[in-house]
2 protein chains.
Amino acid sequence: MDDTGSTTHDKLLREAARLFASRGYSGTSMSDIAHEVGVRKASLYNYYGSKADLLIALLEQSLTSWQAACEQSLVGIESVERRLAAYLESAVAFSRTHPQAMGIIRLAAGHVPSELRRRVRSLIARHESSWHRTLVGMFEDAIERDEIPGNDSAALALFWSVFIDGILVNPIFATAKTEAVVTNLQSLWTFFWRGVSGTSPHTELTI
Amino acid sequence: MDDTGSTTHDKLLREAARLFASRGYSGTSMSDIAHEVGVRKASLYNYYGSKADLLIALLEQSLTSWQAACEQSLVGIESVERRLAAYLESAVAFSRTHPQAMGIIRLAAGHVPSELRRRVRSLIARHESSWHRTLVGMFEDAIERDEIPGNDSAALALFWSVFIDGILVNPIFATAKTEAVVTNLQSLWTFFWRGVSGTSPHTELTI
DNA sequence: CCTACCGATCGGTAGG
DNA sequence: CCTACCGATCGGTAGG
């Protein structure tokens, strides 16, 4: 239905992501997707051998681009405080510019047919564990530099995960004012940083 | 399949919640549910006129019991600090003892067929707005009593929502150690309270 | 609470 | 990339 982006393959990925994200995996039929792409259902099977393969491809793509967006925000920044602030901004920006990717990840983490669960969970677990290592490393770094007091880098990393998860999920539950998280991001960040460091942040968010 | 709880209606509600929560709405068929209950599919229609009505009933029940568990934790407690701590404990306890209810709420907030979306969103919105009023009131209270500095009760309520959402959602994404949030709850609570109040909490969590 | 049945749609394939 | 088709299953109803 939408012609942005040229090839049929591109359209397939985009429309499938959109439909899966809003209606779920079982709630989206291959015919639905074909209709949005503008071809017949049978043609989709030239690109992916099954509906399950299509979801896995989308999940891989979503996790990779999410990870890229977040990691990219960390390079070349000195203080941990500024690294975290950059990370926060990137995460929020990504979730707004790529809502379908976030939807796919949420869907995969949540409600998926039993036959797919193993494949999906192992994909997520792989990304999750590398993400977790990065986080713990960052907080160990912060403790060494005396940016953050205490010594429990695991608890700090967990608080950060909880904070980011909440930021990403809150707009979905809060039916009214979806923008609350964005417009109050500086306050949220101030609360977070004061909680872990005991001091007010020097960082001004640009979002 | 499971005979705990007597009547067929009870079993229907329980098994439907379990299946919906793990496989999603479209991913669960009325036959699946009937099989778990131990009756034929047609019999289910004596209790609910449609699959959609069944989900709505489950959602209503889930939201109500969640709200009851949380509000109950607030009564008769003096300081806001202790009220929030009790709330946190109740929320975590509920999510562990009623995983199906949480699954239904997540499912409803997420991926649901287009025809159901309006009914579901209005149900969630009603509970959400009453929840939000309670929260803002509590933080206004805390500001008046000088338990918390500043004056932005809306931002404080949002930080709390984000924190709670993150606590509830994190175990679903974190494929490994689902218990991390529970075992580190005291640390998470300390970070949170220090973030909003600038001081360490006096509260010892009992979870 | 059951048997028996409805039209519609599902994921997927054959063959071109 | 299409038409034509497959068996299976979907939500739901009739009638008892």
Side-chain angles (χ1 to χ4, degrees), chain A residues 1-3 5-20 22-59 104 107-108 111-120, chain B residues 1-3 5-20 22-59 104 107-108 111-120:
Chain A
M1 279 318 201
D2 182 350
D3 287 303
S6 34
T7 75
T8 297
H9 192 180
D10 289 341
K11 282 207 267 189
L12 167 53
L13 287 172
R14 190 174 53 244
E15 298 302 331
R18 235 196 47 211
L19 290 172
F20 281 148
S22 81
R23 302 182 195 171
Y25 178 75
S26 305
T28 304
S29 72
M30 293 300 272
S31 311
D32 291 340
I33 298 170
H35 178 255
E36 293 299 307
V37 173
V39 298
R40 299 290 172 178
K41 178 179 61 158
S43 309
L44 302 183
Y45 289 88
N46 288 309
Y47 301 94
Y48 297 95
S50 70
K51 190 185 178 184
D53 287 347
L54 172 55
L55 178 73
I56 297 291
L58 284 169
L59 180 58
I104 294 286
L107 170 153
H111 319 279
V112 139
S114 356
E115 340 99 48
L116 260 162
R117 202 155 299 161
R118 306 198 74 213
R119 293 175 73 182
V120 156
Chain B
M1 282 320 201
D2 182 348
D3 287 304
S6 34
T7 76
T8 297
H9 192 179
D10 290 341
K11 283 207 266 189
L12 167 53
L13 287 172
R14 191 173 54 244
E15 298 301 331
R18 236 196 46 212
L19 290 172
F20 281 149
S22 80
R23 303 183 195 171
Y25 178 75
S26 305
T28 304
S29 73
M30 293 300 271
S31 311
D32 291 340
I33 299 170
H35 178 256
E36 292 299 307
V37 173
V39 298
R40 300 290 173 178
K41 178 179 61 161
S43 309
L44 302 183
Y45 289 89
N46 288 310
Y47 301 95
Y48 297 95
S50 68
K51 190 186 178 184
D53 288 346
L54 172 55
L55 178 73
I56 296 292
L58 284 170
L59 179 58
I104 295 286
L107 171 153
H111 319 280
V112 139
S114 356
E115 341 99 49
L116 260 162
R117 201 155 298 161
R118 306 198 76 214
R119 293 175 73 182
V120 156

J.: Over all strands shown, is B:Thr28 touching base, sugar-phosphate only, or nothing at heavy-atom distances under 4.0 angstrom?
T.: sugar-phosphate
J.: Would you say C:dC10 has OP1 or OP2 under 4.0 Å from some side-chain N or O of A:Ser29?
T.: yes
J.: Using Watson-Crick pairs (N1 to N3, plus N6-O4 or O6-N4) and G-U wobble pairs, both distances under 3.5 Å, which stems of at least 3 pairs involve DNA chain C?
T.: C:1-16 with D:1-16
J.: Could you state the atom-to-atom distance from OH of B:Tyr47 to C1' of D:dG11 in whole Å?
T.: 19 Å
J.: Would you name the heavy atoms of A:Thr8 and A:Val37 that are closest together and state the gap between them?
T.: CG2-CG1, 3.9 Å
J.: Would you call the rings of B:Tyr48 and B:His9 parallel, tilted or perpendicular if under 30° counts as parallel and over 60° as perpendicular?
T.: perpendicular
J.: Once you round it to whole Å, what is the distance between C1' of D:dG11 and CD1 of B:Ile33?
T.: 11 Å
J.: Residues in side-chain contact (heavy atoms from CB on, under 4.5 Å) with A:Ser22, at least two apart?
T.: B:Arg117
J.: If you take all heavy atoms of A:Pro113 and A:Ser26, which pair is closest and at what distance?
T.: CG-OG, 4.0 Å
J.: Please report the distance, rounded to the nearest Å, between CZ in A:Arg40 and C1' in D:dC5.
T.: 14 Å
J.: Tell me: NE2 of B:His35 to P of C:dC2, nearest whole Å?
T.: 13 Å
J.: Using whole Å, report how far CG of B:Leu19 lies from P of D:dC10.
T.: 12 Å
J.: Within residues 111-120 of chain A, which residues have any heavy atom lying less than 4.0 Å from an atom of DNA chain C?
T.: none
J.: Could you report the tightest heavy-atom contact between A:Leu58 and A:Ala16, atom names first, then the distance?
T.: CD1-CB, 3.8 Å
J.: Please tabulate the protein-to-nucleotide N/O contacts below 3.5 Å involving nucleotides 12-16 of chain D, giving atom names and distances.
T.:
from, atom 1, to, atom 2, distance (Å)
D:dG12, OP2, B:Tyr45, OH, 3.1
D:dG12, OP2, B:Lys51, N, 2.7
D:dG12, N7, B:Lys41, NZ, 3.3
D:dG12, O6, B:Lys41, NZ, 2.9

J.: If you take all heavy atoms of B:Arg23 and B:Thr28, which pair is closest and at what distance?
T.: CB-OG1, 3.6 Å
J.: Please tell me if the side chains of B:Lys51 and B:Tyr25 come closer than 4.5 Å, counting only heavy atoms from C-beta onward.
T.: yes
J.: Report which part of the nucleic acid A:Ser43 touches: base, sugar-phosphate, or nothing (heavy-atom distance under 4.0 Å, all strands).
T.: base
J.: May I ask you to test the A:Asp53-A:Arg119 pair for a side-chain heavy-atom distance under 4.5 Å?
T.: yes
J.: Quick one: list whatever passes side chain to side chain donor-acceptor pair (under 3.5 Å) with A:Ser114, sequence neighbours left out.
T.: none
J.: If we check side-chain contact (heavy atoms from CB on, under 4.5 Å) with B:Leu12, which of these qualifies: B:Val39, B:Asn46, B:Leu54?
T.: B:Leu54
J.: Can you list everything that forms a side-chain contact (heavy atoms from CB on, under 4.5 Å) with B:Arg40? Sequence neighbours excluded, please.
T.: B:Ser43
J.: Are A:Ser31 and C:dT9 close enough that a side-chain N or O sits under 4.0 Å from OP1 or OP2?
T.: no
